[in-house]
Amino acid sequence: MAEEKKIPYKIYLDESEIPTHWYSVRADMKTKPEPLLNPGALEPMGYEDLRPVFCDELIKQELDNENRYVPIPEEIQGFYKMYRPSPLMRAYRLEEKLQTPAKIYYKFEGNNTSGSHKLNSAIAQAYYAKKQGLKGVTTETGAGQWGTALSMACAYFGLDCKVYMVKVSYEQKPFRREVMRTYGATVTPSPSMETEVGRKMNKEFPGTTGSLGCAISEAVEAEMTNPGYRYVLGSVLNQVLMHQSVIGVETKTALDKYGIKADIIIGCAGGGSNLGGLISPFMGEKLRGEADYRIIAVEPASCPSFTRGKFAYDFCDTGKVCPLAKMYTLGSGFIPSANHAGGLRYHGMSPVLSRLYHDGYMEAVSVEQTAVFEAAEMFARVEGILPAPESSHAIRVAVDEALKCKETGEEKTIVFGLTGTGYFDMVAYEQFNNKTMTDYIPTDADLQKGFDGIPKFPGNPDE
Ligand SMILES: *Cc1c(COP(=O)(O)O)cnc(C)c1O
């Protein structure tokens with residue numbers, strides 16, 4: 001116990017300890033994630049096939065399953081220095097509140113203006129777009145965190161940034177939109193009347209408030225029709241997961257400094273980028289047989305891709321203009337019920353994490369949103385940070401695991417990812433405080449409608 005107290009509340013690293021390389025967990029996977037497929041011919045998509053959509057260097061990263069360490073360019077390292085290393089916190093006060101013998105740590109990624117981990121990949125993607133001499137990039141944003149991060153990154157490199165924002169968020173979160181405009185981005189509510197996909201959606205579903213899958217289709221179409229632009233995505237893709245490995249590499253450096261060995265690593269999973277980034281170096285050890293960890297993905301019960309989805313090749317977007325990805329999916333037509341964790345409402349999941357989950361290297365649980373907000377509020381009161389609803393999914397399960405330790409008396413070390421802050425989510429907190437928040441869990445019949453939209457060909461879905 002005396003030993004324990006030496007561990008500070010905040011484990012800060014030095015500027016010199018910011019990672020100089022991204023770590024790609026794919027290099028250590030025996031079974032690699034499946035390649036993207038052309039939706040027409042069902043052929044794997046190579047470098048040339050993807051060039052009309054993505055930046056050249058990012059395609060190379062996307063397709064590279066072999067290189068373990070990829071150098072982070074100087075300019076990106078320079079940007080990281082403005083807000084990294086992020087602190088690894090010991091949750092002494094949460095432990096005390098729970099009266100648990102467990103030791104709880106969290107890696108806090110909310111200490112930058114975008115308020116989330118998304119900036120780690122946004123800056124990398126903007127850098128490669130600039131280096132290629134492009135005019136700008138297009139993207140979608142749901143809750144707004146990705147759009148904000150990308151706006152900041154584009155402002156830094158002087159790139160134009162066109163954001164298609166899911167209409168319901170555009171209307172409910174005017175301040176999010178204004179932050180993006182302050183950084184120079186153009187923000188269009190989706191579905192819009194600017195693209196063919198958008199006009200079609202508006203005609204077919206009058207009054208629709210949009211979805212992430214639809215905003216992706218619009219952003220891809222906008223990129224295709226604007227010369228000098230490419231499309232960028234804030235999660236799901238292999239490259240994004242690799243950029244986010246800075247979270248995990250820093251976490252591991254901080255733990256190693258104090259000789260701490262994690263037993264359980266927990267993160268929320270929307271498209272899987274923060275979780276993938278956090279667990280990467282630990283998963284690498286697990287894959288190489290050097291260490292073992294319990295790794296838990298947490299998703300909302302309203303959008304349960306891992307726990308109730310199919311492992312299948314599916315469309316990444318509603319308009320079906322994007323390549324097919326092999327992943328755990330609820331079907332590209334699945335529209336989750338109004339859950340406040342906007343960042344966790346995607347129908348699919350990272351192909352890397354999907355593969356690892358399928359092969360039994362990690363677990364997944366789903367949680368209901370009122371239970372998530374209970375944990376969020378408890379956390380805010382004892383640890384001081386106002387957590388994002390997405391991040392609070394990880395808090396919920398970290399608390400549950402710590403409470404199990406209280407039952408068994410085990411002194412497990414739990415590490416979770418606190419991906420961001422919730423200042424733009426006060427409508428959700430308001431509903432929770434007013435006790436008007438509901439927990440809608442889709443029925444099997446609801447899910448079946450989404451599954452019906454998964455493309456059918458031999459071997460698909462996998463199960
Ligand atoms: C986007 C977001 C998530 C979920 O995205 P992943 O790609 O699964 O990490 C989680 N937390 C916050 C704060 C986000 O903005």
Side-chain angles (χ1 to χ4, degrees), residues 86 106-122 125 139-152 165-166 169 173 176 179-180 212 215-216 232-248 265-280 295-300 303-306 316 325 327-328 336 339-354 356-357 362 364 366-367 372 376 379 385-397 416-425 428:
S86 71
Y106 57 94
K107 178 73 167 166
F108 181 46
E109 290 291 318
N111 264 336
N112 68 75
T113 298
S114 80
S116 82
H117 66 285
K118 297 224 172 52
L119 197 54
N120 299 330
S121 183
Q125 299 195 46
T139 199
E140 74 296 326
T141 197
Q145 289 96 317
W146 167 245
T148 308
L150 189 67
S151 306
M152 290 174 70
M165 185 172 189
V166 178
S169 306
K173 299 186 174 186
R176 245 311 163 209
V179 177
M180 288 184 252
L212 207 52
I216 296 177
V232 294
L233 181 61
S235 184
V236 187
L237 297 174
N238 300 341
Q239 52 179 288
V240 181
L241 205 130
M242 185 184 82
H243 301 149
Q244 295 295 356
S245 68
V246 292
I247 304 172
I265 305 171
I266 301 166
C268 63
S273 73
N274 88 81
L275 176 67
L278 172 67
I279 66 173
S280 275
I295 294 173
I296 310 174
V298 189
E299 57 186 17
C303 192
S305 326
F306 268 138
C316 296
M327 57 187 177
Y328 276 85
N339 179 288
H340 290 289
L344 304 182
R345 297 188 62 193
Y346 188 60
H347 67 273
M349 184 56 67
S350 142
V352 172
L353 293 190
S354 292
L356 290 167
Y357 176 66
M362 52 187 275
S366 72
V367 288
V372 166
F379 183 84
I385 296 170
L386 180 75
E390 292 88 350
S391 324
S392 305
H393 286 67
I395 299 175
R396 174 74 261 167
V397 172
F416 72 90
L418 190 71
T419 49
T421 46
Y423 303 116
F424 289 101
D425 300 286

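Ligands are counted one by one from 1 in listed order, and the atoms in each one are counted from 1 as well. Worth knowing before you read on, the calculation uses all heavy atoms, side chains too, and leaves out hydrogens, waters and symmetry mates. Note that the coordinates shown come from a computational prediction; the quantities given were computed from them, not determined experimentally.
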Does either side chain, that of Gln244 or that of Asn120, offer a donor lying less than 3.5 Å from an acceptor on the other one?
yes

Output the list of atoms in ligand 1 that are nearer than 4.0 Å to some heavy atom of Gly270, sorted by atom number.
8 (O)

When you measure from atom 15 (O) of ligand 1 to each heavy atom in Glu109, Glu299, Glu390, Lys118, which option holds the nearest one?
Lys118

Tell me the protein heavy atom at minimum distance from atom 12 (C) of ligand 1, and give that distance in Å.
Thr419 OG1, 3.4 Å

Quick one: does Gln244 get a heavy atom under 4.0 Å from ligand 1?
no

May I ask which of Ser273, Ala388, Gly417 has a heavy atom nearer to atom 6 (P) of ligand 1 than the others do?
Ser273

Enumerated ligand 1 atoms positioned under 4.0 Å from heavy atoms of Ser116:
13 (C), 15 (O)

For atom 4 (C) of ligand 1, what is the nearest protein heavy atom, given as residue, atom name and distance?
Gly343 O, 3.4 Å

At what distance, to the nearest 0.5 angstrom, does CD1 of Ile295 lie from CD1 of Ile266?
11.0 Å

Atom pair CE (Met327) and NE2 (His347), whose distance is rounded to the nearest 0.5 Å
4.0 Å

Sub-4.0 Å atoms of ligand 1 with respect to non-hydrogen atoms of Ala269
8 (O)

Near His117 (heavy-atom distance under 4.0 Å), the atoms of ligand 1 are 2 (C), 3 (C), 9 (O), 10 (C), 11 (N), 12 (C), 14 (C)

Angle between ring planes, Phe416 versus Phe379, binned at 30° and 60°: parallel, tilted or perpendicular?
perpendicular

Write out the residue and atom name of the closest protein heavy atom to atom 7 (O) of ligand 1, then the distance separating them to 0.1 Å.
Ser235 OG, 2.5 Å

Spacing of CG belonging to Leu278 relative to OH belonging to Tyr106, to within rounding of 0.5 Å:
14.5 Å

How many angstroms lie between CG in Asn238 and OG in Ser273, if you round to the nearest 0.5 Å?
12.0 Å

Check the side chains of Thr419 and Ser391 for a donor-acceptor pair under 3.5 angstrom, ignoring hydrogens and angles.
yes

Does a donor on one side chain sit under 3.5 Å from an acceptor on the other, for Glu109 and Ser86?
yes

Under 4.0 Å from a heavy atom of Leu344: give me the atoms of ligand 1 that qualify, with their elements.
4 (C)

